[in-house]
Amino acid sequence: GKSCSDIFGLSLMRKSGETKAFFYDVLFRGPLFISVLFLSTAFLKFANKEAGCTEKGHDIVGDQTEDEADEAEIDCSGKVAFGIRPSSVLTTLNAVAGLLLAVLLPIFGAIID
């Protein structure tokens, strides 16, 4: 039979540094994705609150059921938070992060080399 290290691919990790790097990459993608998912929800909620879009429809409070909260429509047109629409917060943050990464990655690469 096979040992546990063969089943989980641990014997491959001992043989190849590239395989070990791949396993570590996959291992840390999960927590990163979960944290981004959590933070993006928080950013949207704070942006809606800052713009004044958090009336009764966005929060389940009091005698309101979940279906009633989902059906309640709140007009957020023309409202801004931090100079942008609340619905554009995530795309703006992603664009800024991409630009910063494009500028800083070569600098950090040169420092490390």
Side-chain angles (χ1 to χ4, degrees):
K2 290 187 171 186
S3 67
C4 286
S5 63
D6 290 336
I7 293 171
F8 293 113
L10 298 176
S11 61
L12 289 173
M13 283 180 57
R14 288 188 211 108
K15 292 178 184 175
S16 169
E18 291 154 353
T19 307
K20 185 185 281 188
F22 176 76
F23 275 115
Y24 286 144
D25 180 43
V26 171
L27 178 69
F28 291 111
R29 268 193 226 168
L32 179 65
F33 175 73
I34 291 169
S35 64
V36 167
L37 187 66
F38 172 76
L39 288 174
S40 63
T41 306
F43 282 137
L44 284 175
K45 189 169 187 169
F46 289 137
N48 281 325
K49 186 175 184 179
E50 183 72 22
C53 299
T54 56
E55 294 177 16
K56 227 177 183 182
H58 285 289
D59 296 318
I60 302 171
V61 292
D63 297 332
Q64 202 174 29
T65 65
E66 188 173 347
D67 291 332
E68 290 171 345
D70 288 341
E71 291 173 4
E73 292 185 21
I74 297 172
D75 184 24
C76 268
S77 59
K79 295 184 179 182
V80 294
F82 313 111
I84 54 175
R85 292 184 318 218
S87 61
S88 300
V89 167
L90 289 181
T91 53
T92 304
L93 285 175
N94 284 336
V96 169
L99 291 172
L100 282 174
L101 184 64
V103 170
L104 295 176
L105 192 61
I107 296 170
F108 286 132
I111 291 171
I112 291 172
D113 286 342

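Since the structure is predicted, the reported quantities are computational estimates derived from the model, not experimental observations.
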_Quick one, Phe33 and Val36 - any side-chain contact, counting heavy atoms below 4.5 Å?_
no
*Point-to-point distance, once rounded to the nearest 0.5 Å, from CG of Leu32 to CG of Leu27*: 12.0 Å
_Between Val26 and Phe22, does the side-chain contact (heavy atoms from CB on, under 4.5 Å) criterion hold? Intermediate values first, please._
CA-CA 6 Å; Val26 171; Phe22 176 76; 3.7 Å; yes
*side-chain contact (heavy atoms from CB on, under 4.5 Å) between Val89 and Leu93, intermediate numbers included*: CA-CA 6 Å; Val89 167; Leu93 285 175; 3.9 Å; yes
*Under 4.5 Å between side-chain heavy atoms, hopping through other hydrophobics if needed: is there a path connecting Ile84 to Phe43?*
yes
*Heavy-atom pair of closest approach, residues Val80 and Pro86*: CA-CD, 4.5 Å
*Do the side chains of Leu104 and Ile111 join up, straight or via other hydrophobic residues, at under 4.5 Å, putting them in one cluster?*
yes
*Between atom CG of Asn94 and atom CG of Leu99, what is the distance when rounded to the nearest 0.5 Å?*
11.0 Å
*Given the rule that I, L, V, M, F, W and Y join up when any side-chain heavy atoms are under 4.5 Å apart, are Phe38 and Leu44 in one cluster?*
yes
